[in-house]
Structure formats: C-alpha cells, structure tokens
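The sequence lines fix the lettering, A, B, ..., with proteins before strands; numbering per chain opens at 1. Keep in mind that this is a model prediction, so the values were computed, not measured.
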Protein chains: 2
Amino acid sequence: MKYLRVKEAVLQELGKATPGFPLSENSLARRFGVSRMTARRALQELQQEGYLSRRQGKGSFPTERRFSQGFLRVRPFYEFARAQGATPRTQVLAAELRPTPPEVGQKLGVPEALYVERLRFLDDEPVQREVRYLHPAHCQDLLRHDLTRESIHDLLVHTLGLPLTRVWQRLEAVALPDPLATLLEQLPNAPALRLERLTYTFETPITWVEYLMRADRYYLEDTFIPQGERP
Amino acid sequence: MKYLRVKEAVLQELGKATPGFPLSENSLARRFGVSRMTARRALQELQQEGYLSRRQGKGSFPTERRFSQGFLRVRPFYEFARAQGATPRTQVLAAELRPTPPEVGQKLGVPEALYVERLRFLDDEPVQREVRYLHPAHCQDLLRHDLTRESIHDLLVHTLGLPLTRVWQRLEAVALPDPLATLLEQLPNAPALRLERLTYTFETPITWVEYLMRADRYYLEDTFIPQGERP
DNA sequence: CGGCTTAGGTTGTATATACAAGCTAGAGGA
DNA sequence: TCCTCTAGCTTGTATATACAACCTAAGCCG
C-alpha cells in the first residue's frame, strides 16, 4: 500500500503548516521513490477527502479544514409548511439573468445563469431566504411561470422534464450578518441553518441553491429504523 | 474524454434494468475499445457517485438505491474522526446516576437515569459536547466500561445486547450561551449545530442524547440519488 | 457423497510512457 | 517600457503491463 504511506506522510505535513506547498505529483514521487501514478492517487484521494485542492497547471494546495458527516434530506417548503399547520407565502425578490459568482459558476460550469431570490413566510413571518442559480440552457422557460406559487423543484421535474438524478448538499449552522438578519427580522449574528444544494440531471449540474433558515423557526426532525445495528 | 462516454453508456443501461450484470472492467474495455484502466475509471466514478457497488473478486453491480428519504444519519464519533483523518480524544466530564430533567424524564419514562457528559476533541480542539441520559434498568453495567475509549452506541448494541430498532432525532442551529461557548473555546453566541436524539429498543426508549457541535468545525454533507423524482 | 484443490474470472495495486491542457515566469522584440 | 511568445512547470487523460488478492465453480480424490 505505497499510496497509503504517501497519504499519511502528506497528512502529517498538512498539520504542520509546512512551507513546502504547493505539492506536485512528480516531486512527491521522487521523494517517496514511487511512480507518478501512485503519488497521483494519494493526492487525488486527499483531494476527494477535502484536504487538498488541485488545479491543472498550478499544483496541489492545502484547503482550510472542516469536518463533515452524515446523511440528510430536506422537504420542499410548501410540504414543510403544511406539516407545521402554518400558512406559507412567497415573495420573489429577483428573477433574472445574472453573472454567476465564481464558486457557483465553477459548480454549474457557466459564466451566467438564471438568478432567483425568494423570501419565504410562515404566518406572515419571514423564515427562509432562498438564493438560486439555474443552468440557462436547460431552464430558460422557467421565468414564464409564477414563482410565487410553484415549487421550482416541481417545475424542473414535471414541467421542464428534467430528471433530477443526483443531489449534493451541505448543511451547517451560521450566524446571520446584518443585511440578512434584518431581512429575516432577526438580530445581527442570530443563528441560522444554511443548506447548500447542487442538483444534477445525470452528469449535468442544473441548479445550485442556498437556503438560510431562521434557527428559531426551523429544525429538521426524523424517525427511522437503523440498518445493520442488531447485536 | 473516453471515460465519460463509457460512464454515460453504463448510466443509460442502469436505467433499463438490463440483465447484463455484473459488469467487469475487461468486458467494458472490449465493448468500447478502450483500455482496462479507462473502463476502470468510469466504473470507479460511478461507484463513488452511488450508482455502482464494486467488490474485489466479484464484479460491479448496480446499487439498490434505498437512500432513505427524509433521513438524517450521523456516524459514531470515532468513525467520523477516522474518516476525517483527525485524531480523536474524549474527556468524560460526568458519569453518574442523576435525576432527569422533566423533558428528558418524560421521554425516557424514568425519574432518574445514568448521566454521561463528554467533551470530544479532534486534533486537541474541542469540537463537540455530548450530554446523555440512559435508562437505568437497561444500562447499569455501562459505567463499568471505559467511556473515554468506547462508543456508547457500540457498547449498547454489542456488549449489552440491546438492539437499537428505532431512532428519533432533531437537528437545529443554536447560539452557544456562555459556559458552553467557553467549554468549546468559542465566543459567546457563536453558532453551533444541536442534535437531539432518542433511541429505542422496540418500544422501550433506551437513551436520550444531545450533541452540540461547533459550526466552524462541523457540517453535514452528502450526495444521494433521489427516489421517484423522474418526470 | 463430501471435502479439497485448482483454474480462471473479478477488482486492487504499482509501474512506465506519452501526449494534451492549463499556468507562469522570463526571454526577447517592438 | 510594454507586449508577446515560449520553455518548462503543473495536472488531466489514455494506454500497456504485471502481479496480488479475492471469489466461484468445476473437477478431482478419498
């Protein structure tokens, strides 16, 4: 398991803020006496695990570390509201073609996209802000629909006929900075859940979305039966 | 991009419930006129994306996609730490019989319970606090074990022989009040994820637990394949 | 019949080679 | 000075080869 030895060694150095970055496949291969393909595999796995960021032509750089785990799924807003017995309302703050910020542009693979920003209310209280970018080639018909009434997810699947075959998502807790806190009628730095989601049709990313949800109005709850936990 | 062509083709066949499984690297390579390593890459990526399950000596099979909608699953701390490549450490702050607070007592159905409070470190940084109440009639042997080294979940399942058949849990964002913020080396009102969980053996509640996780060190992330979302 | 060995499939690991594509610094020319 | 181009680095893709580890089924032998 040579590639594991290389991984371990690189992982050690990552902890020490060594000034030896960026790493390169060839230099690692020489240092450990392995082939480039073996060093490459070590770096690829470290990238996949979130330790390294690799860019063609530049090299492999350490990433800022964070920890992740788990499994989760979140229901559409109207379904959630119905389950709470509250009255939902949606205000569309923007719906237009707009250049994509770099992180989103990289994920969607386009320089500009349909931008939709919506504010969600339960019983006339703002509880969630949604910011969404949609792939322009696949979703251009979307703006003809009433985004205050219809679920974008349902529109994509049923009206535009885009099968949503894969979902990547991340959930975290954040403190609301000020323009957002005011928009959601919260004090600055109030806690909120932030859900970021990228949805694919096969290998094509279709839409990126960020939800910010007031912590005092939103939680995720579930009951399930675990698999393979019998003694 | 030959490996992409192979991926696409395999993905198509996956949709059709073709009886051509299991797939093998060599047969794919012959069919598409590519090298084994190229076919291998296609299969590896499909595995990583959750479409295929590959086993040495057997082959590549389509996965049952039971990615359980609406569910949130959290791994044991040591497993999580290992996956992150970080060094875990556990400090036991309390382990004793204690009266249950009303919300917990109601859920467990007992007036007093085994109380365990632990602080979890990754690379010597406190990242999670766990507070747990255990049903005294079923878990009294637990205090004889080393709670700094062993997973309570594993102890319950494997040592005490309690099948954990049902789980209720809730996840939310909170602001850390001051004694807790200091304990986790955060500023007061820093955001955190709070996970509350009640675990049953059949209809008997066994343990209630609350995890507080630093927002700057914890997030939940996943990729899954949705069910029944085809148009 | 029952158990063992073995042949031949599978994926996993490791190497060498070649070229394409992205990036950057520095040489060179206007 | 400023611009352009290129040499030389990086990662990405593709191939060929070799052997190890794992699995299954067929066949052999007691």
Side-chain angles (χ1 to χ4, degrees), chain A residues 1-11 13-14 18-64 100-111 200 202-205, chain B residues 1-11 13-14 18-64 82-83 85:
Chain A
M1 313 297 177
K2 296 190 182 183
Y3 79 95
L4 285 180
R5 286 182 29 74
V6 179
K7 271 183 73 175
E8 296 286 344
V10 173
L11 221 38
E13 296 186 22
L14 280 176
T18 334
F21 295 101
L23 296 169
S24 89
E25 298 173 356
N26 280 321
S27 64
L28 270 189
R30 278 193 301 272
R31 263 180 57 198
F32 291 93
V34 298
S35 72
R36 180 193 153 203
M37 295 309 280
T38 300
R40 177 180 179 74
R41 173 161 181 186
L43 292 177
Q44 276 180 325
E45 294 201 359
L46 287 168
Q47 174 189 34
Q48 188 193 341
E49 292 161 15
Y51 294 103
L52 290 179
S53 155
R54 285 158 57 75
R55 281 197 297 280
Q56 190 174 65
K58 301 202 68 176
S60 299
F61 304 81
T63 55
E64 348 253 309
T100 49
E103 330 78 81
V104 179
Q106 187 193 1
K107 284 172 178 152
L108 281 183
V110 290
Y200 295 79
F202 300 107
E203 294 315 303
T204 309
Chain B
M1 313 297 178
K2 296 190 181 181
Y3 78 97
L4 285 179
R5 285 181 31 74
V6 178
K7 273 182 72 175
E8 296 287 342
V10 173
L11 221 39
E13 296 184 22
L14 280 175
T18 334
F21 297 100
L23 297 170
S24 89
E25 298 173 356
N26 280 322
S27 65
L28 270 188
R30 278 193 300 273
R31 265 180 56 199
F32 290 95
V34 299
S35 72
R36 181 194 153 204
M37 295 309 279
T38 300
R40 177 179 179 73
R41 172 161 183 185
L43 292 177
Q44 275 180 327
E45 295 200 0
L46 287 168
Q47 175 189 34
Q48 187 195 342
E49 291 160 16
Y51 293 104
L52 290 179
S53 155
R54 285 158 58 75
R55 281 196 298 277
Q56 190 175 68
K58 302 198 67 174
S60 299
F61 303 82
T63 53
E64 348 251 317
R82 208 163 38 234

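Contact detail for A:F61 and A:P22: the closest heavy-atom pair is CE2-CB, 3.4 Å.
Going from atom NZ of A:K58 over to atom P of D:dT10 covers 14 Å, rounded to whole Å. If you measure from atom CG of A:L52 to atom C1' of D:dT10, you get 14 Å, rounded to the nearest angstrom. Per the geometry, CD belonging to A:Q56 stands 12 Å off C1' belonging to D:dC9, to the nearest Å. For A:M37 and D:dT10, the CE to C1' distance is 15 Å, given to the nearest whole Å. Rounded to a whole Å, the CZ atom of A:R40 is 11 Å from the C1' atom of D:dT10. Per the geometry, CE belonging to B:M1 stands 8 Å off C1' belonging to D:dG12, to the nearest Å.
Between the side chain of A:S60 and the main chain of A:S24, no donor-acceptor pair closer than 3.5 Å is present.
In 5' to 3' order, the nucleotides of DNA chain C bounding all contacts with chain B (an atom under 4.0 Å from a heavy atom) are C:dG9 to C:dA14.
At D:dC9, none of the side-chain N or O atoms of A:N26 fall inside 4.0 Å of OP1 or OP2 (strictly under the cut-off).
Residue-level contact check: B:R41 touches the backbone only, with heavy atoms under 4.0 Å from sugar-phosphate atoms and none from bases. Using a 4.0 Å heavy-atom distance criterion, B:R55 is classed as a sugar-phosphate-only contact.
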CA sep, side-chain torsions, deciding dist, call: A:R41, A:E45, salt bridge (Lys or Arg N to Asp or Glu O under 4.0 Å): CA-CA 6 Å; A:R41 173 161 181 186; A:E45 294 201 359; 3.1 Å; yes
